[in-house]
Amino acid sequence: MIAERCLGTEQSEIRKIFNMATENSINLGIGEPDFDTPKNIVEAAKLALDAGKTHYVPNAGILELTSAISEKLKKDNNLDISQKNIVTTCGASEALMLSLFTLVNRGEEVLVPDPGFVSYKGLTELCEGKMVPIDLDDKFRIDLESVKNSITDKTKCIVLNSPSNPTGSVMTKEELKGICEIADEKNICVISDEIYEKIIYGKKHYSAMEFTDNCILINGFSKAYSMTGWRVGYLAVNENFDNKYQILENMMKIHQYGFACATSFAQFGAVEALKGDQNCVSEMVSEFERRRDLIYSGMKDIFSVQKPEGAFYIFPDVSEYGNGMDVATKLIQNRILCVPGSAFGKNGENSVRFSYATKYEDIKRALEIMKNVLL
Ligand SMILES: Cc1ncc(COP(=O)(O)O)c(C=O)c1O
């Protein structure tokens, strides 16, 4: 009964792990901010509801939002992207899906950093493409030569994710430029997932779209504004790229038939997120940084670990104590929820992903338990 595209795709490992959780577990597994959505954003959505903004809106999103996103891209990323080249989606997740489903034919190849976010592989498999892992080194850096060597005549795109889930690394301007040059030379598309753009500690975020026309930029509201349940994200397609291939027109077929539009009143909240006071973002990021410092200094006494530069994950090598699955299982049995690194690719097999989007005191307690259990 079931289509091969589903049968050929595995469920995320993360679900299985969470089923092992007990009520008093400390949750270092979850990939979402533990803060409430800022009040001004909630109020804007409530006003929209009261004003009856509960009907279908244009497929690409309300004009107020796509215009605000266009202004944001100019201000933050120095990009001139017309409002017409932006699509509001049901989270960055839908934007990733639209990108891959629009570009990838059966059997075509998608380059994905390994370790990398779980959806890249899952979505590639669902559109019957082939995921080609790009090995990151032990400092989670991407090697330009191995990107070049992985490109075949079947390669359609490369997915970049900076700051990264699960590694917490941030790509340098030179790394991004190098990959974008390869994309131009080989005419492949860079799908740049920038959902953690704002969650960055003392480094500068660069968008791949600054360095290549062959780019689909993906971002959203889930992480920066703690709006995971609102399901609003977006994508922007470079104008030259779109003129050449009519990417948006074709993407719209999937968005229109599959989703129609992102939730109307949530989009009004998203407008307020972009246009309102940005202190909520800096306050959240400084709290994440305080937690990053705590978890990093605790973990470096236990594991071999890189200091995260962005996002809210830390990805230590745990091989001193067993593989990632063994160590994660042991920790979960001791009430610390975490995710075995194998969920993020072969190169994650000796690692465990911990999220520090949880209370400072809980991180402290978790570090104590880890020391007792492992040392
Ligand atoms: C790297 C990355 N991209 C995309 C997403 C999806 O975000 P959204 O909630 O906007 O669908 C996530 C969520 O965890 C993520 O970690």
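Keep in mind that the numbers below use all heavy atoms, side chains included, and drop hydrogens, waters and symmetry copies. The first residue of the sequence shown is numbered 1, and numbering continues consecutively from there. Numbering of ligands and ligand atoms starts at 1, following listing order.
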* Give the single entry among Glu32, Arg231, Lys223 that approaches atom 14 (O) of ligand 1 most closely by any heavy atom. =>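 When every heavy atom of Glu32, Arg231, Lys223 is considered, Lys223 comes closest to atom 14 (O) of ligand 1.
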Any Lys/Arg nitrogen of [X] or [Y] sitting under 4.0 Å from an Asp/Glu carboxylate oxygen of the other?
X      : Y      : answer
Glu125 : Lys121 : yes
Glu289 : Arg292 : yes
Asp293 : Arg290 : no
Glu361 : Arg365 : no
Lys72  : Glu197 : yes

In terms of atom number and element, which parts of ligand 1 are under 4.0 angstrom from non-hydrogen atoms of [X]?
X      : result
Asp193 : 1 (C), 2 (C), 3 (N), 4 (C)
Ser222 : 8 (P), 9 (O), 10 (O)
Tyr120 : 1 (C)
Gly91  : 10 (O), 11 (O)
Asn161 : 1 (C)

Could you tell me whether some N/O pair between [X] and ligand 1 is separated by less than 3.5 angstrom?
X      : answer
Thr228 : no
Phe117 : no
Tyr313 : no

* Is Lys204 positioned over the aromatic face of Tyr206, cation under 6.0 angstrom from the ring centre and no more than 45 degrees off axis? ->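 Geometry flag: set, cation within 6.0 Å and 45°.
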* **Aromatic ring proximity Tyr201/Phe288, centre distance under 6.0 Å** =>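 No: the rings miss the under 6.0 Å criterion.
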